[in-house]
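Order of listing sets the numbers, starting from 1, for every ligand and every atom in it. What's counted below: heavy atoms across the whole structure, side chains too, no hydrogens, waters or symmetry copies. Count residues from 1 along the sequence.
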Amino acid sequence: MQLLAFLKYNKIEAEQLDLSIDLIDAVLSKEFLSEVLQSGSILSNGRSAAKGFVSKSGEYINLIEPVKQFLRGGDNTLSQRICTRNLLPEGNRFKQIEDLEWWFGSMGKTDMARHLATLFILDIADFIRENVCPHFGVTKYAERIALSLSTFTLLEEELNKEPNLVDRLMVSLLHKKVELCKPKIIGFTVPFPGNLYAALRCGKYLKENYPEIKIVIGGGYINTELRLLSDTSIFNYTDYIIFDDGERPLLRLVQYENDRRTPLIKTMINLNGEVRYFDGIDDDLKREEIPTPDYDGIEVGKYLSLMELPNPTHSLWSNGFWNKMQLARGCYWAKCAFCDTSLPYIANYQSHEASTIVDSMEMIIKQTGSSGFHFIDEAAPPALLRKLSEEIVKRGLTVSWWTNIRFEKSFTGELCQLMAKSGCIALTGGLEVASNRLLALMNKGVTVEQAAISCKNMQDAGIMVHTYLMYGFPTQTLQETIDSLEVVRQLFVNGLIQSGFWHRYAMTCHSPSGKSPEKFDVKRVSLKPNSFANNEVPYIENVKYDYERVGKGLEKSIYNYMHGVGLDEHVSEWFDCKVPPPIIPPNFIAMAIGCKRKR
Ligand code: SF4
């Protein structure tokens, strides 16, 4: 949306397409499911998803369109029938259901139906993944192949296989768009590892069928992983790789295609069998050069409102369509030891004026018809959030919004009330290792006590909170990991957070910990750069415990806490290995916020 707006602003004719939404829509259709059943591609290895699907295929096929319609908010009348649990066939995903009445009560029928309909969709997605396309997912595609790819070989092997039914469907959707628009250049954004396979599969199709079209890829995954690329094989699927914000590099590239004397910037090409990177000077774009994102071509009505877990905060990410916008580029803090602080997407901070942002919000609402905004900032600055909220309230604009923040002391009760008044419904933020020693070591700039107070102010204002959590940070002991789980348990008990997610720490070459590992008491293993992806770096540490088993325990605990289960149990109950008891006092969080708060 941002790139489209920028290209149009610079008088370049351009169009956009959300191929992933179109693909999901086409896969989850009566026609495609019937085709799969007739194609004989179902593996006869007795996998459970296949057995369940095949025995009830008629029901799945008849119900898929009405369920999709319901999940798009188009036919709410179906909710009562879905909740009877006599309408939808129930496959493996339904085994996770515990107590629906407890979660949704007798009034929350629409949400309960949304949860059940999501499980129905996920059962179908499991079936497709097991029998048709191992890379398929409703929220991710081919993520596993592209995670930590030191060489291109594995991905190339996949790309050289015969395209499966889903691959063929994807390129047929692309083909239609190409025939309609007759583009000279096609760009694919690759924000996550899960997007790489699909982008290159499309690139392969274009190279074979439309050799005159130039292909370019960019986005978050490219920016962090491919900066040291030396293997040229990927250029069999793309002509250009562009880095960082992309606006200027893309504009130059378009000009370069018309006039080869135009210097490329932040662009990689294959020059006579060698990877060549053109850095060039790329000043930050001035505010006035960054137009309002353009949603032309995005079919808002096609997005599904999925609810995988009966947890309102957790479901925000998959909850239908949100207008995406950035309040500021980069991070105003840019100091955390595990973060890519040396890369422009974090380091180059530049904010917009609140009035300009609200002007853009009004324009986007007119374009999409939706008043929900997800501000996709790395960390939205509290001072800007204050001005933004004041501006929204002043204009009497009715919107809902959520964003990512740092749990810092500026989030006072008064600011949180103002933000809630302006439409803030949820905030997400990193509490990371939830240990004061480690938060200081990683330069997070917050303490656990401060974060708890911020969360209390948010909750008192009716704003939901999701936390990103981390384990395995250098020097973090098993005792500290158990203590951090105890902190998280107490945050749930006191109703300060609604959801969370544990990540295993990874040392990246763009982070302060990757650049100066000795400061974190670990030793980087020095290896030659990989020929393909280079982001995570191996290191030797002094403190070690069974990360795999401890990670599983942490995952299990948070899953249960999000369902309100096991909050009174001792934290060691979640592990299948011996762990020490926590030494954090049981009233640590209640003391920090000055009271005991009810969930
Ligand atoms: S982790 Fe978040 S707050 Fe820390 S530097 Fe990165 S973006 Fe900023």
Exercise. Residues in ring-ring contact (aromatic ring centres under 6.0 Å, His included) with Tyr277, at least two apart?
Worked result: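 Only Phe243 meet the ring-ring contact (aromatic ring centres under 6.0 Å, His included) criterion with Tyr277.
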Problem set entry | Chi angles and distances behind the side-chain contact (heavy atoms from CB on, under 4.5 Å) call for Leu491, Tyr561 | CA-CA 10 Å; Leu491 289 170; Tyr561 292 167; over 6 Å; no
So, [X] versus [Y]: side-chain donor-acceptor pair below 3.5 Å or not?
{"X": "Thr477", "Y": "Gln479", "answer": "no"}
{"X": "Arg437", "Y": "Thr475", "answer": "yes"}
{"X": "Gln367", "Y": "Asp294", "answer": "yes"}

Problem set entry | Per-atom contacts, ligand 1 versus Arg406 - under 4.0 Å to a heavy atom |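 Within the 4.0 Å cut-off of Arg406, ligand 1 contributes 3 (S).
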Problem set entry | Protein N/O/S neighbour count - atom 6 (Fe) of ligand 1, strictly under 2.8 Å |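 Counting protein N, O and S atoms closer than 2.8 Å to atom 6 (Fe) of ligand 1 gives 1.
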Exercise. Which class fits the ring pair His563 and Tyr559: parallel under 30°, tilted 30 to 60°, perpendicular over 60°?
Worked result: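 His563 vs Tyr559 ring planes: tilted.
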